[in-house]
**Student:** 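First, the structure itself, so that you have it in front of you.
Quick note: numbers below take in every heavy atom, side chains included, and nothing from hydrogens, waters or symmetry partners.
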Amino acid sequence: VLDAGPEREARRLDEAAFLARMRQPGVVVLDARTAARYATLHITGAVNLPFTEFTAETLASVIPTLDTPVLI
């Protein structure tokens, strides 16, 4: 977890950049919150997959290819 922090920060987008990227063709917006939180409010078009359910199989079911841009 400690090693991932700098990598995560290097890839973090501000709100304007996130909104611009999510409108690009082929981008998957992945909402990793619980289903209850997702049901309360989410970005239109976002796919819900709670972080606790991330496996190779579940991620492959919502991300078409390894080259697909994913915003979380």
Side-chain angles (χ1 to χ4, degrees):
V1 172
L2 295 176
D3 293 339
E7 180 71 21
R8 186 176 57 246
E9 286 303 315
R11 294 174 177 263
R12 187 177 301 257
L13 302 174
D14 64 25
E15 183 178 356
F18 185 95
L19 293 171
R21 293 275 310 270
M22 70 178 266
R23 291 184 181 101
Q24 294 176 346
V27 171
V28 171
V29 177
L30 181 60
D31 188 325
R33 300 173 303 148
T34 65
R37 295 265 183 170
Y38 177 84
T40 300
L41 182 67
H42 62 271
I43 296 172
T44 301
V47 177
N48 181 234
L49 180 61
F51 181 72
T52 56
E53 296 178 22
F54 280 19
T55 65
E57 292 80 22
T58 60
L59 288 166
S61 74
V62 297
I63 302 170
T65 70
L66 293 176
D67 295 329
T68 299
V70 178
L71 300 175
I72 301 174

**Student:** Could you grab the distance from atom OG1 of T55 to atom CG of L49, nearest 0.5 Å is fine?
**Tutor:** 7.5 Å

**Student:** Any luck finding a side-chain donor-acceptor pair between T65 and T68 under 3.5 Å?
**Tutor:** yes

**Student:** Quick one: pull up CG in D31 and CG in L71 and give me the separation to the nearest 0.5 Å.
**Tutor:** 12.0 Å

**Student:** Are L59 and L30 packed together at the side-chain level, in the sense that at least one heavy-atom pair is separated by less than 4.5 angstrom?
**Tutor:** yes

**Student:** Should we say atom CZ of F54 is surrounded by more than 12 heavy atoms from elsewhere, each under 6.0 Å from it?
**Tutor:** yes

**Student:** As an exercise, state the distance from CZ of R33 to OG1 of T52, rounded to the nearest 0.5 Å.
**Tutor:** 13.0 Å

**Student:** Rounded at 0.5 Å granularity, tell me how far CD1 in I43 sits from CG in N48.
**Tutor:** 12.0 Å

**Student:** Does E9 have more than 12 heavy atoms from other residues, nucleotides or ligands lying within 6.0 Å of its CD?
**Tutor:** yes

**Student:** Which atom pair, heavy atoms only, marks the closest approach of A35 to P50?
**Tutor:** N-CG, 4.1 Å

**Student:** Could you measure the distance from the CG atom of L19 to the CG atom of D14? Nearest 0.5 Å is fine.
**Tutor:** 9.0 Å

**Student:** If two hydrophobic side chains count as joined below 4.5 Å and joins carry through other members, does V62 share a cluster with F51?
**Tutor:** yes

**Student:** I want to check something: taking the side chain as every heavy atom from C-beta on, are Q24 and P69 in contact at a cut-off of under 4.5 Å?
**Tutor:** no

**Student:** Check the pair F18 / V29 against side-chain contact (heavy atoms from CB on, under 4.5 Å), numbers first and verdict last.
**Tutor:** CA-CA 10 Å; F18 185 95; V29 177; 4.2 Å; yes

**Student:** Could you walk me through whether V47 and I63 pass the side-chain contact (heavy atoms from CB on, under 4.5 Å) check?
**Tutor:** CA-CA 10 Å; V47 177; I63 302 170; over 6 Å; no

